[in-house]
There are 2 protein chains.
Amino acid sequence: MSPQFTIERIYSELRQQIVNRSIPPGSKLSENLLSRKWNVSRTPIREVLRRLESEGLVTSHRYKGVLVNLITLEDVEQLYPIRIYLEGLAGKLATPIISGDPEKLKVLEKFCREMEVLSKKKDIEGYIAKNNEFHYYIWHSCGNGWLIKILENLNSQVNRFIVKALHVPHRIDRSVCEHWDICEKLRMGDGKKVERAVQSNHRRAFEDLKRELTNRS
Amino acid sequence: MSPQFTIERIYSELRQQIVNRSIPPGSKLSENLLSRKWNVSRTPIREVLRRLESEGLVTSHRYKGVLVNLITLEDVEQLYPIRIYLEGLAGKLATPIISGDPEKLKVLEKFCREMEVLSKKKDIEGYIAKNNEFHYYIWHSCGNGWLIKILENLNSQVNRFIVKALHVPHRIDRSVCEHWDICEKLRMGDGKKVERAVQSNHRRAFEDLKRELTNRS
DNA sequence: GAAGTTCAGATTGTATACACTTCGGATAAT
DNA sequence: ATTATCCGAAGTGTATACAATCTGAACTTC
């Protein structure tokens with residue numbers, strides 16, 4: 001049988017299920033259930049759970065089990081400033097790399113055009129996915145592996161909170177402009193301006209999200 | 001016997017030994033040796049190692065064992081910009097909390113006076129420890145648990161690189177001034193100025209470190 | 001009937017046993 | 001002497017067995 005490639009798969013699938021809320025916050029993860037589900041013993045399951053715990057996705061209580069961490073608005077309010085700062089930094093670091101490579105610029109502009117189409121079709125879910133791809137692409141061009149890892153963790157946590165339907169239509173129109181703006185600044189090769197553009201994009205997205213949440217409650 | 005309080009102790013002691021280089025980078029960690037050393041079975045040892053791996057302190061190679069990660073100047077060059085940004089942010093967030101609490105200001109000023117004494121005594125090791133305490137204290141007053149966790153990880157990684165004797169005497173004198181400056185800005189309650197002061201403190205420390213390293217090679 | 005107690009089932013924590021892979025030296029062939 | 005092959009010891013990966021703890025329902029007691 002496939003010997004121990006499985007454990008890596010268990011980890012990434014379980015992780016993704018937690019991040020995309022198919023395993024909702026607050027769920028209990030039973031070692032026995034998981035081991036039966038994946039046809040492995042409890043030992044590798046426990047190692048997967050420890051890894052998830054160390055990433056802050058679950059919490060293990062002695063003799064009581066493992067719970068998927070809750071994510072509240074307060075958490076997101078703490079996470080966003082960090083994300084805004086670090087994505088700004090990533091944008092600044094990525095600027096010389098992207099502006100010096102026409103291929104990369106084309107990829108980003110293609111994302112923008114696709115976002116435009118999705119926004120006109122009111123395909124909110126698709127838009128959010130494309131939006132994520134756009135930002136992912138910038139991170140991964142920043143050349144700083146430590147930064148990439150931190151941003152991926154932050155993004156996972158934030159995504160766990162975002163309720164997809166929440167995104168407001170008029171937010172999307174503005175968002176498209178902001179992404180074109182980031183592209184333009186990247187093309188100019190001005191890292192400081194890219195940093196500010198990325199930061200204000202996230203800042204506005206967060207403010208709109210908060211406004212929407214408080215209006216609805 | 002103490003049932004499973006031990007595993008937490010094993011984790012923190014092993015972690016500290018890696019961070020303070022008493023287990024140097026590149027060392028191999030054998031599960032059998034560790035389990036004999038702590039009088040436990042391999043199972044809890046493996047869970048500790050997975051946790052350390054997830055933090056980026058060790059790397060596990062299939063069927064070959066676990067190695068303590070190397071930390072190079074290139075790593076530190078990637079880590080420092082992140083740290084500079086985030087400690088600046090932490091300083092800004094901590095400003096209203098600290099400036100509104102005379103007790104906290106007194107603690108920080110006490111650290112500064114102690115640093116002054118240690119610097120005059122040329123007690124470099126003691127100075128570095130106190131310097132760390134100073135920054136730790138500011139982080140932990142920022143009120144953002146996620147930020148604190150990230151900063152602690154970054155600090156562990158950087159500390160693993162810093163060779164204590166490397167710190168140059170004249171750097172210490174300037175460092176004392178910079179810390180008094182941070183205190184002053186905190187007392188004023190101006191978050192933006194605190195942010196800049198913290199950032200420039202770290203930026204200069206890193207530049208001096210790099211200069212020293214390149215001169216010696 | 002309400003509050004406290006007890007005990008069995010279930011779940012987690014740890015130890016041990018077994019399976020698979022790696023690595024290095026001994027042996028054999030050229 | 002050099003290369004190739006093979007085997008076994010050592011170490012990791014996984015499964016199973018046992019110990020400690022928690023939970024909840026039945027039972028007692030008032």
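Reminder, nothing fancy here: chain letters follow the sequence lines and each chain counts from 1.
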On a heavy-atom basis, the closest approach of B/Leu151 and B/Ala90 is CD1-CB, 3.9 Å
Ignoring the backbone of A/Glu31, work out which of C/dT11, C/dG13, D/dT12 is nearest its side chain. C/dG13
Nearest to the side chain of B/Asn32, which nucleotide is it out of D/dG13, D/dG11, C/dT12?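 Selected nucleotide: D/dG11.
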By a strict heavy-atom criterion of less than 4.0 Å, which residues belonging to residues 35-43 of chain A are in contact with DNA chain C?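 By residue number: A/Arg42.
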Under a 4.0 Å threshold between the charged nitrogen and the carboxylate oxygen, would B/Arg51 count as salt-bridged to B/Glu8? yes
salt_bridge(B/Lys130, B/Glu133) N-O dist < 4.0 Å: yes
Please state how far atom [atom1] in [X] lies from atom [atom2] in [N], giving the value in whole angstrom units.
X       : N      : atom1 : atom2 : result
B/Tyr11 : C/dT14 : OH    : C1'   : 20 Å
A/His61 : D/dC22 : NE2   : C1'   : 14 Å
A/Lys28 : C/dT11 : NZ    : C1'   : 6 Å
B/Leu29 : D/dA10 : CG    : P     : 20 Å

Taking only N and O in the side chain of [X], is any of them less than 4.0 Å away from OP1 or OP2 of [N]?
X       : N      : answer
B/Arg50 : D/dG13 : yes
B/Lys64 : C/dC23 : yes
B/Arg62 : C/dT21 : no

When you compare the side chain of A/Trp38 with that of A/Pro44, does any pair of heavy atoms fall below 4.5 Å? no
Interatomic spacing from CD1 in B/Ile23 to CG in B/Leu57 - rounded to 0.5 Å: 10.5 Å
Does B/Glu77 have more than 12 heavy atoms from other residues, nucleotides or ligands lying within 6.0 Å of its CD?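 Counting neighbours around CD of B/Glu77, more than 12 heavy atoms of other residues, nucleotides or ligands fall under 6.0 Å, so yes.
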